[in-house]
Amino acid sequence: MRALEIVSTGSLALVQDLGRPGYAHLGVPPSGALDVAALRLGNRLVGNAEDAAGIETVLGGLAVQAVVSCTAAVTGPPVAVSVDGRETGSHLPISLRPGQKLTIGRPATGLRCYLTVSGGVAVPPVLGSRSTDVLSGLGPSPLEAGARVPLGPVTGVPSGADVVVTAPVPSQLTVPVLLGPRDDWFTDPASALNTQWTVTAESNRVGVRLDGPPLRRVSNSELPSEGVLTGAIQVPPNGLPLVFLADHPTTGGYPVVAVVRRESLGALAQARPGTLVRFHASF
């Protein structure tokens, strides 16, 4: 059986692929890897299709043992990676023999690293995806030590590069957004969003919660629940924005002042508590 054995999980380790979009009408979030670019790169490095499932780990600490020979890669922020205690590095293909243990350290910056393995993680799909959805509970349960994770058949050749440029995740972000649909409910929303916000420890896969000067509403109207997208910046009654990530609810009853451009969602997903964020609004 092609498989990995989970030795330790760190604070949280989840199976993720590119998610299950298209089921919002059933109340099902899109889910999937929060740093899509990192998962796609990892799959390319080990010879998988870019949508193959891997393991998303928070703040490192994941250790796995190969049951069969396979190729692995670790992507996301720069991080120490070792095989049987010997440093190998991240962002490159790593050959594992049966019985060898790969360990991911704690990244100095950023939150989420991705372990991809040749053949991809082959847990049974739910609604076309192998992703764990922490909001609805769909997909596989969070990984636990001692579990065996099945791998699919190898379909491609690892495509290592001479150099994969990695950079620390910055401690300050400027995030482009599109205003609307409810920006007219707030006083000068472009300027208000361009203030300095701080990522809080309550952030998770559902959304990034921010602290700072509350947005002021000019409309006290009641809003019927309406659909929301990944990247929507919802403003609850306390005026403190919440940026929805992949496991967000599909409807919401608080106004959405703006939407983060999709290409910036990966940076927000890597933002640790204490990261400073500004939003640059387009009209």
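Residues: numbered from 1 along the sequence shown.
Proximity of Phe186 to Val235: side-chain heavy atoms (C-beta onward) are separated by under 4.5 Å at one or more points. A 4.5 Å side-chain heavy-atom check between Pro189 and Leu215 finds every atom pair outside the cut-off. Proximity of Ser219 to Asp184: side-chain heavy atoms (C-beta onward) are nowhere separated by under 4.5 Å. You'll find the side chain of Ser8 stays beyond 4.5 Å of the side chain of Leu62, heavy atoms only. Two residues are said to be in side-chain contact when any heavy atoms from C-beta on lie closer than 4.5 Å; Val134 and Leu14 meet this criterion.
Hydrophobic clustering places Leu240 together with Trp185 (ILVMFWY residues linked when any side-chain heavy atoms are closer than 4.5 Å, directly or through intermediates). Hydrophobic clustering keeps Val81 apart from Leu111 (ILVMFWY residues linked when any side-chain heavy atoms are closer than 4.5 Å, directly or through intermediates). Residues Leu210 and Leu179 share a hydrophobic cluster, clusters being chains of Ile/Leu/Val/Met/Phe/Trp/Tyr side chains in contact below 4.5 Å. Cluster annotation: Leu115 is not connected to Val169 through the hydrophobic network of ILVMFWY side chains, with a link wherever side-chain heavy atoms come within less than 4.5 Å. Note: the hydrophobic cluster containing Leu265 also contains Tyr114 (ILVMFWY, side chain heavy atoms under 4.5 Å, direct or indirect links).
A donor-acceptor pair under 3.5 Å is absent between the side-chain atoms of Arg261 and the main chain of Pro176, judged by distance alone. Side-chain atoms of Ser203 do not come within 3.5 Å of backbone N or O of Val208 as any donor-acceptor pair. At least one donor-acceptor pair under 3.5 Å links the side chain of Arg20 to the backbone N or O of Ser129. One N or O on the side chain of Arg130 and one on the backbone of Val123 form a donor-acceptor pair closer than 3.5 Å. For Arg112 (side chain) and Gln270 (main-chain N/O), no donor-acceptor pair under 3.5 Å exists by modelled atom type. Side chain of Glu202 to main chain of Arg209: no donor-acceptor pair is present (N/O by atom type, distance under 3.5 Å, no hydrogens or angles). Checking side-chain atoms of Asn194 against main-chain N and O of Arg278 turns up no donor-acceptor pair under 3.5 Å. Gln65 places no side-chain N or O within 3.5 Å of a backbone atom of Gln100 that could act as its donor or acceptor partner. Arg217 contributes a side-chain N or O that, together with a main-chain N or O of Ser221, makes up a donor-acceptor pair within less than 3.5 Å. No side-chain donor-acceptor contact under 3.5 Å links Asp183 to the backbone of Val257.
For the residue pair Ser31 and Arg205, the shortest heavy atom distance occurs at OG-NH2, 3.6 Å. Heavy-atom minimum distance, Leu173 versus Ala267: CD1-O, 3.7 Å. Here the closest heavy-atom approach between residue Leu39 and residue Gly54 is recorded as CD1-N, 4.1 Å. Ala52 approaches Gly120 most closely through the heavy-atom pair CB-CA, 4.3 Å. Here the closest heavy-atom approach between residue Ala246 and residue Gly32 is recorded as CB-O, 3.9 Å. Residues Cys113 and Val74 share a closest heavy-atom pair of CB-CG1, 4.3 Å.
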Practice item. Apply side-chain contact (heavy atoms from CB on, under 4.5 Å) to Thr71 and Ile94, showing your working. Key: CA-CA 5 Å; Thr71 302; Ile94 303 168; 5.9 Å; no
Point to revise | Trace of the side-chain contact (heavy atoms from CB on, under 4.5 Å) decision for Leu4 with Val117 | key: CA-CA 9 Å; Leu4 290 177; Val117 185; 3.5 Å; yes
**Study point:** Intermediate values then yes/no, side-chain contact (heavy atoms from CB on, under 4.5 Å), Val67 and Arg148
**Key:** CA-CA 9 Å; Val67 177; Arg148 281 204 170 189; 3.7 Å; yes
Exercise for review: Mind running side-chain contact (heavy atoms from CB on, under 4.5 Å) on His280 and Leu193 for me, showing each step along the way?
Suggested key: CA-CA 7 Å; His280 176 68; Leu193 287 170; over 6 Å; no
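When each of Val36, Thr116, Asp35, Thr75 is tested with Leu41 by the rule side-chain contact (heavy atoms from CB on, under 4.5 Å), just one qualifies, namely Thr75.
In this structure, CG on Leu96 lies 8.5 Å from OG on Ser69, to the nearest 0.5 angstrom. For the atom pair OG (Ser264) and CZ (Phe279), the distance works out to 10.0 Å, reported to the nearest 0.5 Å. Between Ser82 atom OG and Glu87 atom CD the span is 6.5 Å, to the nearest 0.5 Å. From Thr250, atom OG1 reaches atom OH of Tyr23 across 14.0 Å, with rounding to the nearest 0.5 Å. Atom-to-atom distance recorded for Thr132:OG1 and Glu56:CD is 9.0 Å, nearest 0.5 angstrom. Once rounded to the nearest 0.5 Å, the distance linking OG1 of Thr9 with CD1 of Ile104 reads 11.5 Å.
Within 6.0 Å of CD in Glu144 there are 12 or fewer heavy atoms belonging to other residues, nucleotides or ligands.
Every residue two or more places apart in sequence or in another chain was checked for a salt bridge (charged side-chain N to carboxylate O under 4.0 Å, His left out) with Asp17, and none qualifies. When the side-chain contact (heavy atoms from CB on, under 4.5 Å) test is applied to Pro168, the partners found at least two apart in sequence or on another chain are Thr109.
Using a 30° and 60° split on the angle between ring planes, Phe244 and His248 fall in the tilted class, from 30° to 60°.
Counted by atom type alone, Gln16 and Ser131 present one or more donor-acceptor pairs between their side chains at under 3.5 Å. Residues Ser136 and Asp133 have side chains that bring a donor and an acceptor to within less than 3.5 angstrom of each other. No side-chain donor from either of Asp211 and Thr198 sits under 3.5 Å from a side-chain acceptor of the other.
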